[in-house]
Amino acid sequence: MKAPEGLSVLITGGGSGIGAETAVYLAEHGAKVTITGRREEALAKVAEAIGPACCTVAGDVAVAADRARMMDAAIAHGGGLDGLVNNAANMVRGPISELDEEAVREVFNTNVVAGMMLTGLAAPRLEERSGAVIFLGS
């Protein structure tokens with residue numbers, strides 16, 4: 001495993017929880033991080049705590065144009081791409097016998113399909129620098 005120093009990492013769902021803590025850890029160890037998420041205020045709070053090693057991009061990983069903006073920002077901020085942390089997720093709660101089918105599809109789209117599409121977009125850049133992908137899920 002590479003040391004984080006000097007790496008450029010894109011982290012989806014970076015405005016809170018595991019994504020935010022991953023960004024803090026990597027930045028503290030010398031990485032340039034780009035965090036993304038749908039909540040601009042949450043992203044700004046994390047970025048303020050991290051400082052100039054952090055760049056933010058508000059957007060929805062399930063939207064193709066937003067994924068492209070996320071990728072462009074990470075490459076511009078870090079000078080390339082060494083890592084992608086697919087952390088963005090959505091959920092639906094309730095008894096399984098009462099779940100709405102469309103809501104379940106939306107969760108699957110955000111948690112699986114969108115991350116796979118972002119990974120496909122990132123793959124050529126990751127290959128250039130022998131980068132890696134991490135998928136988080138539940």
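A distance-only check finds no donor-acceptor pair linking the side chain of Thr56 to the backbone of Ala44 [under 3.5 Å]. Panel note: side chain Ser8, backbone Gly80; a donor-acceptor pair is recorded below 3.5 Å. Distance alone, capped at 3.5 Å, places no donor-acceptor pair between the His77 side chain and the Leu10 backbone. When atom types are taken as modelled, the side chain of Asn90 and the backbone of Thr110 share no donor-acceptor pair closer than 3.5 angstrom.
Residues Lys45 and Glu41 are not paired through a salt bridge, judged by the lack of any N-O separation under 4.0 Å between the basic side chain and the carboxylate. Comment: Arg69 does not engage Asp72 in a salt bridge, judged by the lack of any side-chain N to carboxylate O separation of less than 4.0 angstrom.
Across all their heavy atoms, Ala31 and Ala53 have their closest contact at O-CB, 3.7 Å. Of all the heavy atoms in Leu84 and Ala122, the pair that sits closest is CD2-CB, 4.0 Å. Between Ile50 and Ala27, the shortest heavy-atom contact is CG2-CB, 3.4 Å. Among all heavy-atom pairs drawn from Ile18 and Leu136, the shortest one is CG2-CD1, 3.5 Å. Nearest heavy-atom pair, Ile35 versus Ala23, reported as atom, atom and distance to 0.1 Å: CG2-CB, 3.5 Å. For Asp82 against Leu7, the heavy-atom pair with the smallest separation is OD2-CA, 3.4 Å.
Val92 is listed as a side-chain neighbour of Val104, based on a closest heavy-atom distance under 4.5 Å. For the pair Asp66/Met70, a side-chain contact is recorded, criterion being any heavy-atom separation below 4.5 Å from C-beta on. Using a 4.5 Å cut-off on side-chain heavy atoms (C-beta onward), Leu81 and Met71 make contact. For the pair Glu48 and Cys54, the minimum side-chain heavy-atom distance is 4.5 Å or more.
Side chain to side chain, Arg67 and Thr36 fail the donor-acceptor criterion of an N or O pair below 3.5 Å. With 3.5 Å as the limit, one finds a donor-acceptor pair spanning the side chains of Asn86 and Thr119.
To the nearest 0.5 Å, atoms CE (Met116) and CG (Asn109) are separated by 11.5 Å. Taken to the nearest 0.5 Å, the CG atom of Leu126 stands 9.0 Å off from the CD atom of Glu128.
Taken together through direct or relayed side-chain contacts under 4.5 Å among Ile, Leu, Val, Met, Phe, Trp and Tyr, Leu99 and Phe108 form parts of separate hydrophobic clusters. Val133 and Val57 fall within a single hydrophobic cluster, where Ile, Leu, Val, Met, Phe, Trp and Tyr are joined by side-chain heavy atoms under 4.5 Å apart, directly or via other members. Residue Val33 is grouped with residue Leu43 when hydrophobic side chains (ILVMFWY) are merged at heavy-atom distances under 4.5 angstrom, including chains of intermediate members. Transitive grouping of hydrophobic side chains (ILVMFWY, heavy atoms separated by less than 4.5 Å) keeps Ile11 and Phe135 in distinct clusters. The same ILVMFWY cluster, assembled from side-chain heavy atoms under 4.5 Å apart, contains both Val24 and Ile134.
Residue-environment remark: OH (Tyr25) stays at or below the threshold of 12 foreign heavy atoms within 6.0 Å.
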Exercise. Start with the C-alpha distance between Arg125 and Ile75, add both sets of side-chain angles, then the distance that settles side-chain contact (heavy atoms from CB on, under 4.5 Å), and finish with yes or no.
Key: CA-CA 9 Å; Arg125 293 304 191 129; Ile75 292 165; 3.6 Å; yes
